[in-house]
Number of protein chains: 2
Amino acid sequence: MRAEDQTEVVYVVDDDPSARESLCWLLGTEGIASQAFASAQAFLDYWSSDCSGCIMVDIRMPGKTGLQLQNELNARHNLMPVIVLTGHADVPVAIRAMKQGAYDFLEKPYADEELLSCVKTALELGREISDAESEKTRVASALENLTEREREVMCLVVEGNTNKVVAAQLGISEKTVEIHRSRVMEKTAARSLSELVRICLILKDKI
Amino acid sequence: MRAEDQTEVVYVVDDDPSARESLCWLLGTEGIASQAFASAQAFLDYWSSDCSGCIMVDIRMPGKTGLQLQNELNARHNLMPVIVLTGHADVPVAIRAMKQGAYDFLEKPYADEELLSCVKTALELGREISDAESEKTRVASALENLTEREREVMCLVVEGNTNKVVAAQLGISEKTVEIHRSRVMEKTAARSLSELVRICLILKDKI
DNA sequence: GCCGTTGTAAGGGTATTCCCTTATTATATT
DNA sequence: AATATAATAAGGGAATACCCTTACAACGGC
């Protein structure tokens, strides 16, 4: 299932049932779908990389804390923005949450409009990140079908070398380079050299 | 003067003279150059885009506060990491500082080792940002020397179109496209199409 | 042993790019 | 009025890329 097929959901993680309910109700008034979890572990069990939307998590919870949940999500390369909520905040915790990549940090009690606007921008950001990521995995899977030699040729070609130079560097014939090169274009579905360069640059930080 | 020629300095902005002195002394023990300012305005008057290093700013100051200074620096497209220091922090201020792009947020009194390691990583990050930025301005100035027509041709070529297609799209002859194209390569100092594509991608977020 | 994949190489043809020169027109600058 | 710059166009030739086919050797799986 691709990210685009997934419905956008706000995942609410809070041990306090009334806090969960009021938050989900508030989101519902704006037509935003939500799903509540009573503990960090419950959400981690549910979480998959296909989830799409954003996450709202309370700091103080029995079992795993909100910060630990955030850490675990980072380790799993979660892409959804995380909004941290808390009733008893101190500065070091807030800073740590932000440095761990929290999208925002809200103190309870929150102003409804503030929270909603925060959620909406978080969902917007989540969409952008998800789109960029699905693009990355698409081209990454294309590159995985390349043989070693094809990859070597591709890198040298993308660096701006002509077939002749590539052939000399790899100690093979220009004709062979031609063949590898055409296979690279075929497998990556790139219709021009510039497209191939863009594909490689997208994955530069991923490879 | 280019950024590379500039010495790396930690700019300390704090209204408390003893705080400035102790901080600068601490930095000096590690061989880190520093420069102290008694107010946000004093630093803003000194600031230029050529400055290189990082900035340490106290929140509570008469006149402009640390957050206002941060805002002003953002408006001026400051590239140096900003470390916010404060003795009396509350969560909203800390969050605001982080959301405004602060590199870190430390509470006084600070642990010397913590502060030093923070400064060192900030300086490291500053170098990387500065390097990337000087690369951007270098290629940006190259693109400014292009005529409108040359820019049009460049964009279409970088998108992967052949001279023939570009000529059809612009309603001009293939030969003319050839000339514009060669001028683009000459002015941008790109030695291959792939290099030109990379140049355009570097500036995609800047143009 | 047979088959699919991979890497290698060649022949032949077409399309494209790259580089040289020359030339006209319009616009802006001096 | 003279000059410079930008945009246009053409001819010609060398280098390169692109696309087709055929071919062979090595290697692993069935």
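To find a chain, count down the sequence lines: A is the first, B the second, and so on, and within it residues start at 1.
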Practice task
Examine the side chains of B:N74 and B:Q70 and answer whether a donor and an acceptor come within less than 3.5 Å of each other.
Solution key: no
Problem - Residue whose nearest DNA chain C nucleotide is more 5′ - A:K187 or B:T162 - result: A:K187
Exercise for the section: Output yes when at least one side-chain N/O atom of A:R149 is less than 4.0 Å from OP1 or OP2 of C:dT8, else no. Expected result: yes
Handout entry: Integer-rounded Å distance: D:dC27 C1' and A:E148 CD
Key = 15 Å
Handout entry: Sugar-phosphate only, base, or nothing, as touched by B:L193 at under 4.0 Å among non-hydrogen atoms
Key = nothing
Exercise for the section: Name the nucleic acid region contacted by A:T176, choosing base, sugar-phosphate or nothing; use a 4.0 angstrom heavy-atom cut-off, strictly under. Expected result: base
Exercise for the section: Measure from CD on A:E150 to P on C:dT6 and round the result to the nearest Å. Expected result: 7 Å
Exercise for the section: Respond yes when some side-chain nitrogen or oxygen of B:K164 is under 4.0 Å from OP1 or OP2 of C:dA15, and no when none is. Expected result: no
Problem - Donor-acceptor pair under 3.5 Å, A:K175 side chain vs C:dG7 base - result: no
Practice task
May I ask you to evaluate whether B:T147 reaches the phosphate of D:dT5, defined as a side-chain N or O under 4.0 Å from OP1 or OP2?
Solution key: no
Practice task
Indicate yes or no for a side-chain donor-acceptor contact from B:E128 to the backbone of B:L125 under 3.5 Å, with no hydrogens or angles considered.
Solution key: no
Practice task
Take the protein atom CZ of A:R181 and the nucleotide atom C1' of C:dG7, then report the distance between them rounded to whole Å.
Solution key: 18 Å
Fill in the blank from the handout: Of the candidates D:dT16, C:dT8, D:dA7, the side chain of A:I179 sits closest to C:dT8
Exercise for the section: Kindly say if B:S182 contacts the phosphate of C:dC19, meaning a side-chain N or O under 4.0 Å from OP1 or OP2. Expected result: no
Problem - Spacing between B:I172 atom CD1 and D:dA9 atom C1', to the nearest angstrom - result: 10 Å
Completion exercise
Closest to the 5' end of DNA chain D, once B:L170 and B:E178 are matched to their nearest nucleotides, is B:L170
Exercise for the section: Indicate yes or no for a side-chain donor-acceptor contact from B:R151 to the backbone of B:L143 under 3.5 Å, with no hydrogens or angles considered. Expected result: yes
Problem - Whole angstrom value for the distance that separates P of C:dC18 from CD of B:E195 - result: 13 Å
Handout entry: Rounded interatomic separation in angstrom, taking CG from A:N161 and C1' from D:dA15
Key = 16 Å
Exercise for the section: Measure from the side-chain heavy atoms of A:S173 and tell me the nearest of D:dC18, C:dA10, D:dA10. Expected result: C:dA10
Handout entry: Whole-Å gap separating C1' (C:dC20) and CE (B:M185)
Key = 17 Å
Practice task
Would you mind checking if B:E124 and B:K120 are paired as a salt bridge, meaning a charged N to carboxylate O distance below 4.0 Å?
Solution key: no
Exercise for the section: Select base, sugar-phosphate, or nothing to describe what A:E174 touches, counting heavy atoms under 4.0 Å on all strands. Expected result: nothing
Practice task
With rounding to the nearest 0.5 Å, note down the distance linking CD1 in B:I32 to SG in B:C24.
Solution key: 11.0 Å
Exercise for the section: Determine: side-chain N/O of B:H180 to OP1/OP2 of D:dA6, distance under 4.0 Å, yes or no. Expected result: no
Exercise for the section: Look at the side-chain N and O atoms of B:N163 and state whether any lies under 4.0 Å from the OP1 or OP2 oxygen of C:dT17. Expected result: yes
Problem - Parallel, tilted or perpendicular, as decided by the 30° and 60° cut-offs, for the rings of A:F43 and A:F37 - result: perpendicular
